[in-house]
Amino acid sequence: MEGYDHKSIEQKWKKVWKETELYKTSDEVAGKENEYVLVEFPYPSGDLHVGHWYAFAITDIYARYQRLKGKNVLFPVGFDAFGLPAENAAIKRGLNPREWTFQNIEVMRHQLDSMGASFDWSREIVSCSPEYYKWTQWLFIKLFEAGLVEKKISLVNWDPIDKTVLANEQVLADGTAERSGALVEKKEMEQWSIKITKYADRLIDDLDALEWPNQIKEAQKNWIGRSSGAEIDFKIDDSDVAVKVFTTRPDTLFGVTYVVLAPEHKLVEELISKVSNKSAVEEYIEVTKRKLERERLIGVSEKTGVVLEGVFAINPATNEKVPVFIADYVLANYGTGAVMAVPAHDERDFEFAEKFGLPIKKVVIPRFVDNKNPHVEGKEVVFRKGVLVIVRNPKTEKYLCLEWPNQGWTTFISGGLEENESVEEAAIREVYEETGYKNLKFIKMVSGPVQVEFFAAHKNLNRISNSWCVLCELENEEQDEVSVDEKNLHTPIWLDKSEINREKMMHSELDYVLDLWKSGEKEYAGEGILINSGEFDGLQSEEAKEKIVQKVGGEMKSTYRLRDWTVSRQRYWGCPIPMINCASCGSVPEAEENLPVILPEISDYLPRDDGKSPLAKATDWMHTKCPKCGGDAERETDTLDTFVDSSWYYLRYLDSNNSENFSDIEKIKKWMPVNFYSGGSEHTTMHVLFARFFNKALFDLKLSPVSEPFSYRLNRGLILGPDGNKMSKSKGNVINPDIEVEKLGADTVRTYLAFIGPYNEPGSYPWDPNGIVGARRFLERIFKISDKIVEKTPESVEKVLHKAIKKVEEDMQRLKFNTAISELMILTNEIFKSGISTEDAKIVAKLISPIAPHLAEEMWQKLGGVESIHKENWPVFDPEMLVSDTITVPVQINGKVRAQVVLPSEMPENEVRELVLADETVQKWIAGSEVKKIIYIPNKLVSIVV
RNA sequence: GCCGAGGUGGCGGAAUUGGUAGACGCGCACGACUCAAAAUCGUGUUCCGUAAGGGGUGAGGGUUCGAUUCCCUCUCUCGGCACCA
């Protein structure tokens with residue numbers, strides 16, 4: 001028979017599929033469930049790279065599988081066609097951005113077509129077409145009417161290269177622009193902004209119900225960055241103003257020793273008249289202003305700041321006056337722009353306090369529950385103040401410990417404080433009582449109190465002990481006899497520092513104490529038990545938080561890292577913001593009947609340094625009438641961030657040709673939410689978050705029937721160059737899929753990419769030029785199955801076939817296309833050994849059809865199929881075929897596989913034991929030893945212990 | 001620093017509930033076919049060892065008849081967040 005000619009096969013079937021409109025999807029098919037399979041629509045850069053293939057062709061496998069499983073599958077495609085590259089090409093090469101874009105789209109349509117993907121092209125959308133952006137504008141106005149859009153002067157991210165404002169999401173951690181790489185500047189500009197922060201809580205909380213990969217959910221949570229705490233007012237002494245601070249640790253309020261304002265804080269202006277060091281304060285503000293945002297972010301270096309001399313804030317818990325500083329470690333745009341500083345319990349405050357010599361007041365002590373000696377229920381609970389003594393012998397450099405033979409512990413010496421006794425006195429007394437050493441010198445406190453909860457076995461009671469840790473030195477080794485009681489309990493031993501072993505130490509707090517002993521005392525940022533906090537002493541942090549907030553009249557509140565979404569872009573190639581500025585009416589949306597506000601043709605696309613869009617040059621277009629009062633007015637000349645276009649496109653696919661509405665609610669109801677959404681991980685905190693927000697807002701406006709748009713989201717992996725690096729022209733490691741398709745065929749590229757690794761994990765896989773040859777070889781073997789046709793499928797092949805039906809089905813469902821293909825390879829190898837019947841070969845064609853649709857269709861037709869294979873149903877496996885009469889079971893002896901025995905399946909356990917023990921190899925291994933135990937896991941293995 | 005995902009042959013990866021670790025593919029080696037090569041087909045391929053046997057899933061410990069899988073400690077890689085109060 002002739003060889004596998006991918007070119008003619010693929011051309012032939014693509015044509016047939018197109019002519020028969022095989023993939024045109026109805027909104028409803030009787031008896032079929034709808035399944036919406038979506039891939040992020042591509043930007044028409046004009047070049048379909050391997051990444052697009054990985055996105056679309058592999059998702060197509062899933063779409064085709066779902067179709068075979070009897071679902072009515074929608075798999076649409078379109079173009080996210082507004083954006084900077086078009087405009088930059090226009091500027092650089094004198095092209096019209098529209099023409100440039102549509103030319104690219106034309107090229108990409110052909111490339112996308114070459115995949116043989118089951119797109120319903122009749123629903124194609126192009127976001128830069130007026131038919132589409134009319135509805136982007138309409139939805140923008142709906143959000144405006146709902147109070148979710150506002151124009152405000154804000155400090156924005158200005159990209160000096162692209163000369164436009166960027167959303168926070170478009171600025172990288174090092175302060176450079178994601179697109180241009182320019183160092184982003186902060187500018188105050190009047191911008192349109194969408195209030196995504198109003199939805200912050202729902203955007204976090206609704207994630208819980210979604211069955212998405214954890215990484216995506218966590219990344220979104222981190223990005224939104226909710227922290228729960230409280231806002232508390234600190235009155236300024238001798239005035240009627242107050243500083244509102246945000247804190248997550250109201251339980252440390254009694255430990256506040258100063259208050260810090262961000263240099264940009266509004267109150268600073270007001271307070272500056274009162275300070276006696278005005279010039280120093282003004283200078284500091286000037287200096288921090290000049291520091292770039294980036295330095296402030298990454299700098300992390302030395303704490304700087306200046307005190308407002310003569311200004312004091314009043315701690316509402318204690319009524320103490322504390323100094324007020326301004327310092328740039330406090331950020332103006334987070335929380336309230338002011339913090340209460342608790343140096344004892346916050347690392348940054350601690351650093352600052354050390355540098356400025358401010359007092360450090362400890363109000364929380366760590367609390368430990370000793371898991372090795374937990375409280376025993378029913379026993380008395382006794383509280384005490386205690387001491388933990390580390391005794392050093394300066395001559396030997398060894399440390400004194402006690403061995404408790406009955407419990408197997410080694411501990412430091414510890415005990416309770418007696419009435420009117422100081423910690424130091426108690427330490428020296430305890431050492432004397434327990435070891436007889438007479439001459440001890442107190443050296444220092446290793447730690448303040450630490451609370452530990454444990455059961456004191458020798459006293460038969462539960463203890464809660466606040467213990468101080470003390471370091472003492474032995475002045476000489478003079479020693480008295482100790483009491484018999486003490487002697488029976490424990491023996492003193494001297495250990496090297498390195499021998500003091502956490503494992504053997506009695507109480508859990510020792511980990512903490514040992515750390516302090518080594519590194520010295522610093523701030524304790526954890527939660528614990530309150531001390532020095534008046535009526536709240538002894539409470540745990542969690543409980544104290546609410547009570548303290550209540551007492552001082554504060555308010556429990558959350559703040560977010562998430563900022564509102566600035567959507568104005570000072571660029572040409574985008575969706576015009578459909579707003580009109582009227583001198584008398586203010587900002588007014590364009591009347592609905594006048595939509596779309598068409599993007600005018602202009603000749604000069606160059607962005608301007610003054611922060612205005614190139615559209616400001618289209619004066620005819622700009623001058624218009626106010627829709628409200630009819631007076632002269634001007635159009636908004638900024639365009640929308642392209643993320644607005646892509647925040648709703650999945651709804652437009654459902655009704656892409658509707659000229660009366662953005663999308664018909666009845667159609668949306670049929671398809672939403674999207675069942676499967678494949679995209680790039682770079683969009684986790686951008687597009688996916690914006691789209692979720694948008695859809696939620698539309699849900700609240702009753703324009704979308706669901707509050708979450710995507711019931712499953714997958715961040716797909718990355719295909720690297722053959723050298724293991726990210727593909728890039730400069731590295732010369734770019735694989736052009738068009739060339740691979742030409743050489744080996746679309747089916748081969750699909751198979752290879754599906755086989756390269758699991759699709760449901762965002763791994764990165766190098767393109768292996770040999771690997772794709774392997775995929776081609778496999779398809780050639782599939783093609784040659786027609787040479788292996790026999791009258792009746794041999795039983796050995798039949799069994800493998802049914803196993804494959806089951807396994808491929810499972811793997812497709814869980815997106816492990818790599819193992820599905822591996823199973824098909826095993827099946828193919830078996831067929832090559834023994835042959836297969838025509839009818840069963842047709843099943844094989846079905847199994848491969850989602851992966852290699854052209855080849856499968858060709859095979860199907862040659863085997864006598866009439867209709868398209870892609871209209872068939874997934875084969876059903878016969879469970880009978882999966883069980884066999886005999887099974888081979890491994891025999892483990894002492895955990896090692898030593899023999900294989902062949903058993904009839906369903907053999908009773910006692911017979912299995914007999915048979916196994918009689919086995920020759922088993923005999924050899926157990927000869928001379930006594931069989932202690934035999935474990936039989938039916939049909940799995942036998943384990944013998946001797 | 002916090003949060004998340006990971007670490008398995010020369011390589012990509014498999015092992016779905018604790019049950020024969022390394023499926024399948026690539027590469028490599030040998031063989032068949034060939035004057036020869038390519039293609040194809042076949043055999044082998046975790047490491048050490050001629051073998052018997054032993055070691056082995058980032059490291060160390062634990063639970064278990066049995067651990068890549070569960071628990072503890074540590075380590076490294078990748079991703080998100082980060083002077084975020």
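Worth knowing before you read on, the calculation uses all heavy atoms, side chains too, and leaves out hydrogens, waters and symmetry mates. Every chain is numbered from 1, with letters handed out A, B, ... down the list of sequences.
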Practice prompt. Describe the nucleic acid contact of Gly774(A) in one word from base, sugar-phosphate, nothing, applying a heavy-atom distance below 4.0 Å.
Written response: sugar-phosphate
Min side-chain heavy-atom separation Tyr334(A)-Ser227(A) under 4.5 Å: yes
* To do: Would you classify Asn894(A) as touching base, sugar-phosphate or nothing, given that sugar-phosphate means primed atoms plus P, OP1 and OP2, and contacts are heavy atoms under 4.0 Å?
  => nothing
> Is there a side-chain polar atom (N or O) of Tyr765(A) under 4.0 Å from OP1 or OP2 of G12(B)?
Replying inline: no
Inset, instruction - Show your working on side-chain hydrogen bond (donor to acceptor under 3.5 Å, both in side chains) between Ser558(A) and Arg226(A) and close with a plain yes or no. - result: CA-CA 6 Å; Ser558(A) 292; Arg226(A) 175 166 63 191; 5.2 Å; no
Winner on side-chain proximity to Gln892(A), out of A21(B), A85(B), C83(B), is A21(B)
Partner of U16(B) under the Watson-Crick or G-U wobble criteria, both distances under 3.5 Å, comes out as none
Strictly under 6.0 Å, is that where the ring centroids of Trp565(A) and Phe690(A) end up?
yes
In whole angstroms, the gap separating C1' of C83(B) from CD of Glu264(A) amounts to 13 Å
Whole-Å distance, Ile224(A) CD1 to G80(B) P, equals 16 Å
- Task: Pick base, sugar-phosphate or nothing for Pro758(A), based on heavy-atom distances below 4.0 Å to the nucleic acid.
- Result: sugar-phosphate
So what does Ser227(A) hit on the nucleic acid, given a heavy-atom distance under 4.0 Å: a base, only sugar-phosphate, or nothing? sugar-phosphate
Could you tell me whether the phosphate oxygens of G27(B), OP1 or OP2, come under 4.0 Å of any side-chain nitrogen or oxygen in Asn770(A)? yes
Original post:
Regarding Lys788(A) and the six-membered ring of Phe832(A), is the cationic atom NZ or CZ under 6.0 Å from the ring centre and inside 45° of its axis?
Top reply: yes
- Query: Is Arg898(A) close enough and on-axis enough to Trp925(A), meaning under 6.0 Å and within 45°, for cation-pi?
  - Reply: yes
Q: Compare side-chain N and O positions of Asn829(A) against OP1 and OP2 of G25(B) and report whether any pair is under 4.0 Å apart.
A: yes
Here the distance between atom P of A39(B) and atom OH of Tyr4(A), to the nearest Å, is 19 Å
Testing G53(B), C65(B), C24(B) for proximity to the side chain of Ser822(A), the answer is C24(B)
- Using atom P of each nucleotide, how far apart are G55(B) and G66(B) to the nearest Å? 14 Å
Per nearest nucleotide of RNA chain B, the residue lying toward the 5' end, Phe832(A) or Pro762(A), is Pro762(A)
Regarding the side chain of Arg348(A), the nearest nucleotide among G55(B), C83(B), U40(B) is C83(B)
Quiz prompt | Pairwise P distance, A5(B) and G9(B) [rounded to whole Å] | solution = 22 Å
What I want to check is whether the side chains of Ser681(A) and Asn715(A) have a donor and an acceptor closer together than 3.5 Å.
no
query = How is Trp212(A) classified with respect to the nucleic acid when contacts are heavy atoms under 4.0 Å: base, sugar-phosphate, or nothing?
reply = nothing
Picking from C65(B), U40(B), G12(B), the nucleotide nearest the side-chain atoms of Ile756(A) would be G12(B)
Look at Arg814(A) and A14(B) and indicate whether a side-chain polar atom (N or O) is within less than 4.0 Å of OP1 or OP2. no
Does OP1 or OP2 of G25(B) have a side-chain N or O of Arg781(A) closer than 4.0 Å?
no
U40(B) -> Watson-Crick or G-U wobble partner, both distances under 3.5 Å, gives A32(B)
task = Measure from the ring center of Tyr54(A) to the ring center of Tyr759(A) and say whether it is less than 6.0 Å.
result = yes
Paired to A85(B) by Watson-Crick or G-U wobble criteria (both distances under 3.5 Å) is none
When both distances are under 3.5 Å in a Watson-Crick or G-U wobble arrangement, the nucleotide paired with U46(B) is G55(B)
Distance criterion of 3.5 Å, no angle test: do you see the side chain of Lys932(A) paired donor-to-acceptor with the base of C65(B)?
no
The nucleotide from G13(B), A85(B), U20(B) with an atom nearest the side chain of Tyr334(A) is A85(B)
Would you say the side chains of Thr828(A) and Arg781(A) form a donor-acceptor pair under 3.5 Å? no
Do the ring centers of Phe325(A) and Phe356(A) come within less than 6.0 Å of each other? yes
Atom CZ of Phe755(A) and atom P of A14(B) are separated, to the nearest Å, by 10 Å
(Q) Between U17(B) and G53(B), how many Å separate the two C1' atoms, rounded to a whole number? (A) 34 Å
Sugar-phosphate, base or nothing in reach of Gln215(A), heavy atoms under 4.0 Å: sugar-phosphate
| query | Given Thr304(A) and Tyr329(A), is the side-chain hydrogen bond (donor to acceptor under 3.5 Å, both in side chains) satisfied, shown in steps? | reply | CA-CA 8 Å; Thr304(A) 61; Tyr329(A) 80 92; over 6 Å; no
Taken to the nearest whole Å, CG/Leu779(A) to P/C26(B) is 12 Å
Among the nucleotides G19(B), C26(B), G4(B), whichever has the atom closest to the side chain of Glu218(A) is G4(B)
Per atom distances to the Ile826(A) side chain, the nearest of G19(B), A23(B), A85(B) is A23(B)
* Asked: If you take atom types as modelled and just measure distance, does the side chain of Gln900(A) reach the base of U20(B) with a donor-acceptor pair under 3.5 Å?
  -> yes
From NZ of Lys221(A) across to P of C3(B) the rounded distance in Å is 13 Å
Against the side chain of Met825(A), the closest entry in C24(B), A14(B), G27(B) is C24(B)
To the nearest angstrom, the CZ-P distance between Phe817(A) and A23(B) comes to 23 Å
Looking only at U20(B), G80(B), G13(B), the nucleotide nearest the Pro890(A) side chain is U20(B)
By the Watson-Crick or G-U definition, both distances under 3.5 Å, G79(B) is matched with C3(B)
Discussion item. Counting only side-chain nitrogens and oxygens, does Thr819(A) get under 4.0 Å of the OP1 or OP2 atom of G13(B)?
Written reply: no
Remember a base hit wins even if backbone is also touched, and classify Glu823(A) as base, sugar-phosphate or nothing at under 4.0 Å, heavy atoms. nothing
Looking at A14(B), I'd like to know if its phosphate oxygens (OP1 or OP2) sit under 4.0 Å from a side-chain N or O belonging to Lys816(A). yes
Tell me whether the OP1 or OP2 atom of U20(B) has a side-chain N or O from Arg898(A) closer than 4.0 Å.
no
Side-chain contact check for Asp768(A): nearest option of A85(B), G80(B), C26(B) is C26(B)
**Asked** Think Asn214(A) has a side-chain N or O under 4.0 angstrom from the OP1 or OP2 of A5(B)?
**Response** yes
With a cut-off of less than 4.0 Å, is there a side-chain N or O of Lys355(A) near OP1 or OP2 of C83(B)?
no
Applying the 3.5 Å cut-off to both distances, the Watson-Crick or G-U partner of C26(B) turns out to be G10(B)
Open item on the list: Ignoring hydrogens and geometry beyond distance, is the side chain of Lys807(A) in donor-acceptor contact with the base of U16(B) at under 3.5 Å?
Closed with: yes
Checklist entry - When all nucleic acid strands are considered with a 4.0 Å heavy-atom cut-off, which category describes Ile937(A): base, sugar-phosphate, or nothing? => result base
note: Glu347(A), atom CD; C84(B), atom C1'; distance rounded to Å ~ 14 Å
Scanning all shown strands, the Watson-Crick or wobble mate of G66(B) with both distances under 3.5 Å is none
